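Naming: A, B, ... by sequence-line order, numbering from 1 per chain. What you see is a predicted model, and the numbers here were worked out from it, not measured in a lab.
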Protein chains: 2
Amino acid sequence: MASCRVPDVVPSPVEDVEQLRKAFAGWGTNEGLIISILTHRNAAQRKLIQQTYAETYGEDLLKSLDKELSSDFERAVVLWTLAPAERDAFLANESTKLLTKNYWILLEIATTRSSHDLYQVKLAYHARYKKSLEEDVAYHTSGDVRKLLVPLLSTFRYEGDDINVPLSKKEAKILHEKISDKAYNDEELIRILTTRSKAQLNATLNQYNNEFGNAINKDLKADKDDEFLKLLRQTIKSLTFPEKYFEKVLRLGINKLGTEEGALTRVITTRAEVDLQRIKEEYYRRNSVHLDHAIVKDTSGDYEKFLVELVGHADA
Amino acid sequence: MASCRVPDVVPSPVEDVEQLRKAFAGWGTNEGLIISILTHRNAAQRKLIQQTYAETYGEDLLKSLDKELSSDFERAVVLWTLAPAERDAFLANESTKLLTKNYWILLEIATTRSSHDLYQVKLAYHARYKKSLEEDVAYHTSGDVRKLLVPLLSTFRYEGDDINVPLSKKEAKILHEKISDKAYNDEELIRILTTRSKAQLNATLNQYNNEFGNAINKDLKADKDDEFLKLLRQTIKSLTFPEKYFEKVLRLGINKLGTEEGALTRVITTRAEVDLQRIKEEYYRRNSVHLDHAIVKDTSGDYEKFLVELVGHADA
């Protein structure tokens with residue numbers, strides 16, 4: 001469930017761009033006005049605003065926002081304003097260029113987007129970067145990380161609820177054998193994680209738990225600091241329980257000495273129209289603090305206001 | 001360029017299904033009438049005919065064809081009548097169930113369809129089989145074949161003409177090193193073949209030829225009978241010169257002791273609306289016989305008539 005709220009009567013795109021233009025005009029920028037408009041428009045409405053802005057003023061709204069705003073607030077507003085597929089393509093491309101830990105965000109995009117949405121990301125990636133997401137990721141990774149990440153991003157998973165029970169038993173056994181042998185990069189294990197539908201994989205992992213007495217992620221904690229085991233655990237968690245996965249990303253981002261704005265901005269802008277409502281529930285369950293209160297405590301100024309508007313108030 | 005010809009004035013779907021129904025009626029089936037209608041309708045028109053037939057008679061046209069026709073002729077008509085994405089999904093699924101050499105057709109589908117068409121095949125596969133193409137192929141293959149085939153089918157290649165020349169030089173060098181070391185299943189080699197756009201790969205292979213003095217497929221002939229090397233050569237050929245690849249499939253299919261109808265039917269029904277015109281040119285160049293003459297010589301009856309109508313006459 002989305003957390004972003006659209007008013008019952010939405011102003012026309014023409015009215016919205018006039019208001020935005022006013023907010024940019026003169027010496028100071030009216031950040032409050034920008035926040036109040038953009039946080040309460042859905043992806044389709046924001047797209048119309050972008051188009052209308054370009055037609056009316058001959059300028060790109062994203063460039064104007066870039067010019068008028070700065071730092072964390074700017075990045076949050078720009079990411080939010082982007083269409084979901086373009087935003088993911090941008091985040092994914094940025095990740096391929098980072099030297100370290102670039103794969104966490106790619107893993108997140110590969111595992112928590114629907115097959116259709118991931119396809120849209122690939123189309124946006126082609127259009128924007130004139131190459132494919134897969135070739136960039138394959139080029140910038142190697143070894144076990146590549147072995148897991150490229151098929152995760154490539155596969156077009158079936159999304160129905162149909163489950164094959166004998167198959168789930170068979171593959172639970174394969175997973176257990178490989179993990180018992182510490183063959184974590186085994187191709188059968190990777191095949192199962194990267195090609196099966198989320199419903200089928202879930203059935204297999206339940207079977208694993210029933211049959212062998214442990215949740216698979218517990219068995220994958222043999223070596224707590226092994227980076228590849230971490231990747232496998234994240235893959236399983238974000239495929240089968242994305243709200244819990246996102247709760248953890250937010251928790252670690254907020255609790256860090258100095259909030260990690262990258263994670264906070266990314267999770268809120270990418271999930272506000274998807275499942276942020278459920279993520280907020282998980283956050284409260286795990287931290288006994290409402291997400292909006294945590295954000296108010298750890299951030300400030302327009303950035304804080306913007307995030308809180310997207311998240312919604314716990315008391316509302 | 002397509003070989004299939006649609007008349008200037010196309011009868012309405014209602015007229016077409018009335019004629020088809022007439023062809024099915026009574027004791028004998030009027031195969032000639034079926035051929036004259038279906039071979040001269042494009043995919044969109046055939047789809048309308050299928051819909052209109054179902055609405056008018058409450059029966060599935062494919063089932064009626066199945067009932068009225070038989071053997072090679074039946075299979076050719078049914079494959080042709082299917083929408084391209086559904087036909088490929090059907091052929092791919094059938095291939096995953098064969099015990100041997102099942103991967104040649106999968107390789108063909110992975111490498112000769114456009115990224116968009118391959119995506120449509122995956123959608124059709126989901127809809128029809130309630131699972132993904134990738135999971136079935138990964139499940140039914142293993143070792144080096146899986147290592148090559150699954151990413152070939154999974155990747156959503158960029159299709160633009162943009163070429164990065166320094167990159168093509170760099171990757172030509174990588175390919176040459178791996179092949180010199182006989183590291184044919186090396187992951188860098190597979191990454192390049194499975195993720196790069198056809199234009200970029202072509203630039204890389206040209207670079208390879210210029211720099212190292214041999215076409216890559218010549219260097220991949222070190223062991224002529226090695227099955228994996230054959231797969232690599234087919235991959236490269238069908239990615240970079242599909243008409244030549246299809247010419248060879250037709251040539252081997254027709255020249256076999258007893259024509260291999262599987263290959264003949266498949267290539268003609270899948271390419272008649274795409275590039276069969278170009279394939280015919282390659283066929284004539286290589287065999288000094290026109291494809292329609294070769295078909296007349298090696299097949300007979302309604303099957304022959306059907307294929308020749310799709311291929312078109314060399315003398316026409």
In terms of the angle between their ring planes, are Tyr158(A) and His126(B) parallel, tilted or perpendicular, with boundaries placed at 30° and 60°?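 Rings of Tyr158(A) and His126(B): perpendicular, as their planes differ by over 60°.
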
Parallel, tilted or perpendicular, judged at 30° and 60°: which one describes the rings of His176(A) and Phe212(A)?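 The arrangement is parallel - the two ring planes meet at less than 30°.
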
Where on [X] is there a heavy atom nearer than 4.5 Å to chain A: the side chain, the backbone, both, or neither?
X: Tyr125(B); answer: neither
X: Arg191(B); answer: side chain
X: Glu171(B); answer: side chain
X: Leu123(B); answer: both

Among [options], which has the most heavy-atom pairs under 4.5 Å with chain B?
options: Glu135(A), His116(A), Lys122(A); answer: Glu135(A)
options: Glu187(A), Gln200(A), Lys130(A); answer: Lys130(A)
options: Ser154(A), Ser142(A), Ala127(A); answer: Ser154(A)
options: Ser115(A), Gly143(A), Gly160(A); answer: Gly143(A)

Pairwise distance CG(Asp181(A)) to NZ(Lys178(A)) - rounded to 0.5 angstrom: 7.0 Å

State whether Tyr245(A) and Arg233(A) meet the cation-pi test: NZ (Lys) or CZ (Arg) under 6.0 Å from the six-membered ring centroid, and within 45° of the perpendicular axis. no

Axial cation check for Tyr139(B) ring with Arg196(A), 6.0 Å and 45° limits: yes

Contact part of Tyr129(A) toward chain B, heavy-atom cut-off under 4.5 Å: side chain, backbone, both or neither?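 For Tyr129(A), there is no contact with chain B at all, as no heavy atom is under 4.5 Å.
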
Heavy-atom proximity to chain B below 4.5 Å, by part of Leu153(A):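 The answer is neither part of Leu153(A).
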
Any Lys/Arg nitrogen of Glu159(B) or Lys198(B) sitting under 4.0 Å from an Asp/Glu carboxylate oxygen of the other?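 Answer for the salt bridge query: no.
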
Between Lys131(B) and Asp162(A), is a salt bridge (Lys or Arg N to Asp or Glu O under 4.0 Å) present by the stated rule, with each step listed? CA-CA 8 Å; Lys131(B) 44 192 178 164; Asp162(A) 317 64; over 6 Å; no

